[in-house]
Participant: 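Let me begin by handing over the structure; questions about it come next.
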There are 2 protein chains.
Amino acid sequence: MSRTRVVDAGETILAEHGEASVVGNVIAGVMRMTKTLLDGRQQIVGLVYPGEFFGRPYSETTEFAYEAATDVEICVIDRRAFESVLARHPELEHALLLTTLSELAFARERSLLLGCQNTLERVASYLLVMLERRRQLLSGAALESHKLVAVSAISRRDLAGYLGTTIETISRHVHYLSRRGVIRIINASHFEVLDRDELLALSGLAQDDLKLFGAVRVVAMPFGRPVLTIINGAARSEDRVF
Amino acid sequence: MSRTRVVDAGETILAEHGEASVVGNVIAGVMRMTKTLLDGRQQIVGLVYPGEFFGRPYSETTEFAYEAATDVEICVIDRRAFESVLARHPELEHALLLTTLSELAFARERSLLLGCQNTLERVASYLLVMLERRRQLLSGAALESHKLVAVSAISRRDLAGYLGTTIETISRHVHYLSRRGVIRIINASHFEVLDRDELLALSGLAQDDLKLFGAVRVVAMPFGRPVLTIINGAARSEDRVF
DNA sequence: CGCTCATTTGACAGAAATCAAAAGCGGTGG
DNA sequence: CCACCGCTTTTGATTTCTGTCAAATGAGCG
């Protein structure tokens with residue numbers, strides 16, 4: 001029922017306001033979800049990481065575009081076929097509900113970021129999230145606590161689009177954090193976090209706000225080759241529903 | 001299993017990062033969902049209108065506060081009791097999934113508003129949404145097309161919090177729209193839209209973006225007294241699942 | 001009628017976008 | 001191995017938008 005596709009960076013998988021023909025999940029690489037204003041201004045409303053679900057079930061059309069932010073390997077299935085699988089497997093539909101509820105909480109968390117954090121706070125928040133993501137991917141044992149490296153998988157341009165700012169502003173703030181000794185710049189996409197507490201303070205977020213990033217974000221789907229499944233922050237590999 | 005409560009404007013129904021003890025739906029009035037930064041800055045991440053569902057199923061804690069933006073009448077049920085109802089009624093869980101998917105699309109639409117629309121565009125977008133909401137509530141026959149009145153149910157302060165701006169900025173833009181003849185100010189919360197096309201142009205949104213506001217937002221829950229149920233823009237009253 | 005609170009209007013300041021130029025980085029080919 | 005080219009990132013100067021502070025006006029209400 002499903003098939004694997006490799007898509008080059010920049011290619012569109014589903015167009016904005018187009019037919020919601022397929023759903024699927026990302027195997028490798030990162031997808032971006034974008035919305036565009038009439039004059040061309042564009043906002044990245046979400047990023048889809050390996051193991052995560054993408055697409056729009058139960059709708060004929062998409063609300064935003066799904067594009068490859070990096071070269072991606074994805075597994076796709078016809079949307080209607082997927083819906084009929086869900087109808088036959090309530091436990092899978094339940095899993096999708098849990099994922100969607102988490103995504104919703106996450107999307108609303110982003111309202112806080114875009115609505116009332118300044119750009120320095122946004123950069124700090126992003127670094128904290130990248131750090132958290134990395135800590136989850138590496139299992140507890142493999143993670144040396146003194147090597148707190150935040151890795152940004154996407155281009156600076158996409159990062160700016162995601163944080164609702166510009167590449168210039170991000171550059172300035174990253175270097176400001178470096179000068180203050182909060183981070184060490186390894187290269188344009190790798191940052192060693194020297195003072196996580198300070199970064200948290202600079203983000204303006206409450207400790208509890210970061211818990212959100214450890215929630216269920218991945219739902220193992222009944223198709224595709226095994227992907228990393230993350231459930232409540234505990235990483236397990238090689239999970240497969242069917 | 002459920003009970004009706006009346007809550008005064010300003011009261012908190014569920015606290016941020018508190019126990020997600022109950023879920024429910026709004027019968028009358030408007031609730032706001034808020035998140036607060038450590039220094040007190042606050043963002044309204046969502047509004048809950050009559051007939052709409054609120055609360056956080058399948059989580060022990062809330063990600064944001066639910067407060068009464070106006071005096072509200074709500075119907076509440078213990079969260080765990082609700083979850084067990086869902087477990088026994090897959091069709092209800094399915095309905096909740098559809099609602100959650102729509103809410104998610106809506107939350108992401110708001111990322112566009114907060115991330116790359118200027119404050120005038122946000123005000124224009126809000127007026128268009130209020131107009132759309134009103135057109136849906138009034139059935140086709142009752143709606144005189146030449147009376148395009150956008151009604152804001154919430155205080156100016158809450159509106160500012162929702163649009164990620166200030167009351168002063170909103171005031172300036174509303175009066176600018178009035179001077180340009182795009183709207184007529186009836187009073188602080190009622191605006192007659194004189195030129196909907198111009199408002200749409202000023203919002204920067206594509207026509208299709210507004211369709212989103214006509215999607216399923218209400219799920220009839222198996223408790224509470226009958227509420228107005230809106231399904232795909234068609235208003236029906238007195239619907240009840242049980 | 002006067003009180004309180006919300007809204008409007010004005011002046012000003014600060015944050016961040018924009019525009020422009022320089023520097024850095026990576027790949028290619030001589 | 002090094003020079004060259006194109007692209008991304010960084011840095012600087014300037015402008016614009018919008019938030020902040022403060023005062024005036026208006027609406028609602030006892």
Side-chain angles (χ1 to χ4, degrees), chain A residues 8-10 37 39-44 69-71 113-127 151-180 183-191 202-204, chain B residues 8-10 37 39-44 69-71 113-127 151-180 183-191 202-204:
Chain A
D8 290 342
L37 292 174
D39 67 358
R41 270 173 297 167
Q42 198 170 57
Q43 175 68 30
I44 296 181
T70 65
D71 291 346
L113 182 133
L114 295 171
C116 65
Q117 283 183 284
N118 62 38
T119 51
L120 175 59
E121 292 169 328
R122 296 182 203 183
V123 171
S125 299
Y126 182 77
L127 288 172
V151 180
S152 177
I154 56 175
S155 75
R156 255 324 209 278
R157 185 160 305 279
D158 281 345
L159 179 52
Y162 187 57
L163 297 183
T165 180
T166 60
I167 52 176
E168 293 95 329
T169 297
I170 289 174
S171 177
R172 285 182 236 274
H173 289 322
V174 164
H175 284 264
Y176 167 76
L177 291 173
S178 173
R179 276 199 307 280
R180 282 202 38 177
I183 64 171
R184 184 173 70 83
I185 300 171
I186 299 168
N187 62 44
S189 60
H190 292 69
F191 312 92
L202 284 170
S203 75
Chain B
D8 291 341
L37 292 173
D39 68 358
R41 271 172 296 168
Q42 199 170 57
Q43 174 68 30
I44 295 181
T70 66
D71 291 346
L113 182 134
L114 296 170
C116 66
Q117 282 184 285
N118 62 38
T119 51
L120 175 60
E121 292 169 329
R122 297 182 203 183
V123 170
S125 299
Y126 181 77
L127 289 172
V151 179
S152 177
I154 57 175
S155 74
R156 257 318 212 279
R157 185 160 305 280
D158 281 345
L159 178 53
Y162 187 57
L163 297 183
T165 181
T166 60
I167 52 175
E168 294 95 330
T169 297
I170 289 175
S171 177
R172 284 182 238 274
H173 289 322
V174 164
H175 285 264
Y176 167 77
L177 291 173
S178 173
R179 275 199 308 280
R180 282 202 37 179
I183 63 172
R184 184 173 69 83
I185 301 171
I186 299 168
N187 61 44
S189 61
H190 291 70
F191 311 92
L202 284 170
S203 76

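Just so it is clear, the structure is predicted and the values come from calculations on it, not from any experiment. A, B, ... follow the sequence lines: proteins, then strands. Residue 1 opens every chain.
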Participant: Holding to side chain to side chain donor-acceptor pair (under 3.5 Å), I want the full list of residues that pass it with Ser155(A), two or more places apart in sequence or in another chain.
Facilitator: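 Partners of Ser155(A) by the side chain to side chain donor-acceptor pair (under 3.5 Å) criterion come out as none, since no residue qualifies.
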Participant: Whole-Å distance between dT10(D) C1' and Tyr176(A) OH?
Facilitator: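 Atom-to-atom, Tyr176(A) to dT10(D), this comes out as 18 Å.
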Participant: List, one per line, each side-chain donor-acceptor pair under 3.5 Å for residues 165-172 of chain B, sequence neighbours excluded.
Facilitator:
unit_1, atom_1, unit_2, atom_2, d
Thr166(B), OG1, Thr169(B), N, 3.2
Thr166(B), OG1, Thr169(B), OG1, 3.0

Participant: Rounded to the nearest 0.5 Å, how far apart are CD1 of Ile183(A) and NE2 of His173(A)?
Facilitator: 12.0 Å
Participant: Hey, could you give me the CZ/CD distance between Arg157(B) and Gln42(B), rounded to the nearest 0.5 Å?
Facilitator: 11.0 Å
Participant: The criterion is side chain to side chain donor-acceptor pair (under 3.5 Å); which residues satisfy it with Ser125(A), sequence neighbours excluded?
Facilitator: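 Ser125(A): side chain to side chain donor-acceptor pair (under 3.5 Å) contacts with Gln117(A).
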Participant: State which residues pass side chain to side chain donor-acceptor pair (under 3.5 Å) with Ser178(B); sequence neighbours excluded, sorted by chain then number.
Facilitator: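 Partners of Ser178(B) by the side chain to side chain donor-acceptor pair (under 3.5 Å) criterion come out as none, since no residue qualifies.
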Participant: Without decimals, in angstroms, what is the distance between Ile154(B) CD1 and dT7(C) P?
Facilitator: 11 Å
Participant: Is a side-chain donor or acceptor of Arg156(A) paired with a backbone partner of Ala188(A) at a separation under 3.5 angstrom?
Facilitator: yes
Participant: Expressed as a whole number of angstroms, how long is the span from Leu114(B):CG to dT18(D):C1'?
Facilitator: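 Atom CG in Leu114(B) sits about 15 Å away from atom C1' in dT18(D).
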Participant: Report, one pair per line, the protein and nucleotides 13-17 of chain C atoms (nitrogen or oxygen only) whose separation is under 3.5 Å.
Facilitator:
unit_1, atom_1, unit_2, atom_2, d
dA16(C), OP1, Thr119(A), N, 2.8
dA16(C), OP1, Thr119(A), OG1, 3.3
dA16(C), OP2, Thr119(A), OG1, 3.3
dA16(C), O5', Thr119(A), OG1, 3.4
dA17(C), OP1, Thr165(A), OG1, 3.1
dA17(C), OP2, Thr165(A), OG1, 3.0
dA17(C), OP2, Thr166(A), OG1, 3.3
dA17(C), OP2, Thr169(A), OG1, 2.4

Participant: Working to the nearest 0.5 Å, report the span between CD1 of Ile154(A) and CG of Leu159(A).
Facilitator: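 Here the interatomic distance stands at 5.0 Å.
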Participant: Measure CZ/Phe191(B) against P/dT7(C) and give the value in whole Å, please.
Facilitator: 10 Å
Participant: Contact list please: residues 155-162 of chain A against DNA chain C, heavy atoms, distance less than 4.0 Å, in numerical order.
Facilitator: none
Participant: Look only at the side chain of Gln43(A) and the backbone of Leu113(B), and say whether a donor-acceptor pair between them is shorter than 3.5 Å.
Facilitator: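 No: the side chain of Gln43(A) does not pair with the backbone of Leu113(B).
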Participant: Whole angstroms only, please: what is the CD1-C1' distance between Ile170(A) and dT10(D)?
Facilitator: 13 Å
Participant: Does any N or O in the side chain of Asp8(A) come within less than 3.5 Å of the main-chain N or O of Asp71(A), such that one atom is a donor and the other an acceptor?
Facilitator: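 Between the backbone of Asp71(A) and the side chain of Asp8(A) there is no qualifying donor-acceptor contact (under 3.5 Å).
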Participant: Atom CD of Glu168(A) to atom P of dT8(D): distance rounded to whole Å?
Facilitator: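 Nearest whole value for this atom pair: 13 Å.
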Participant: Short question: side chain of Arg122(A), backbone of Gly164(A) - any donor-acceptor pair under 3.5 Å?
Facilitator: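 Here the side-chain-to-backbone pair exists.
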Participant: Using C1' atoms of five pairs at each end, report the bend of the helix from dC1(C)-dG30(D) to dG30(C)-dC1(D) rounded to 10 degrees.
Facilitator: 30°
Participant: Between the protein and nucleotides 28-30 of chain D, list the N/O to N/O atom pairs that are separated by less than 3.5 angstrom.
Facilitator:
none

Participant: Any protein N or O atoms within reach of nucleotides 24-26 of chain D? Criterion: under 3.5 Å, listing atom names and distances.
Facilitator:
none

Participant: Among all residues two or more places apart in sequence or in another chain, which pass the salt bridge (Lys or Arg N to Asp or Glu O under 4.0 Å) test with Asp39(B)?
Facilitator: Arg41(B)
Participant: Between His175(B) (NE2) and dT9(C) (C1'), how many Å, whole number?
Facilitator: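 In whole Å, dT9(C) C1' lies 9 Å from His175(B) NE2.
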Participant: Report the distance from atom CD1 of Ile185(A) to atom P of dG24(C), rounded to the nearest whole Å.
Facilitator: 14 Å
Participant: With sequence neighbours excluded, tell me which residues meet side chain to side chain contact (heavy atoms under 4.5 Å, CB included) with Arg180(A).
Facilitator: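 Arg180(A) satisfies side chain to side chain contact (heavy atoms under 4.5 Å, CB included) with Tyr176(A), Val182(A), Glu198(A), Leu202(A) only.
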Participant: Nearest 0.5 Å, please: how far is OH in Tyr126(B) from OG in Ser152(B)?
Facilitator: 3.0 Å
Participant: Can you list the residues that meet the side chain to side chain donor-acceptor pair (under 3.5 Å) rule with His175(B), with sequence neighbours excluded?
Facilitator: none
Participant: Taking side chain as C-beta onward, heavy atoms only, is Ser189(A) less than 4.5 Å from Val151(A)?
Facilitator: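 They are not in side-chain contact.
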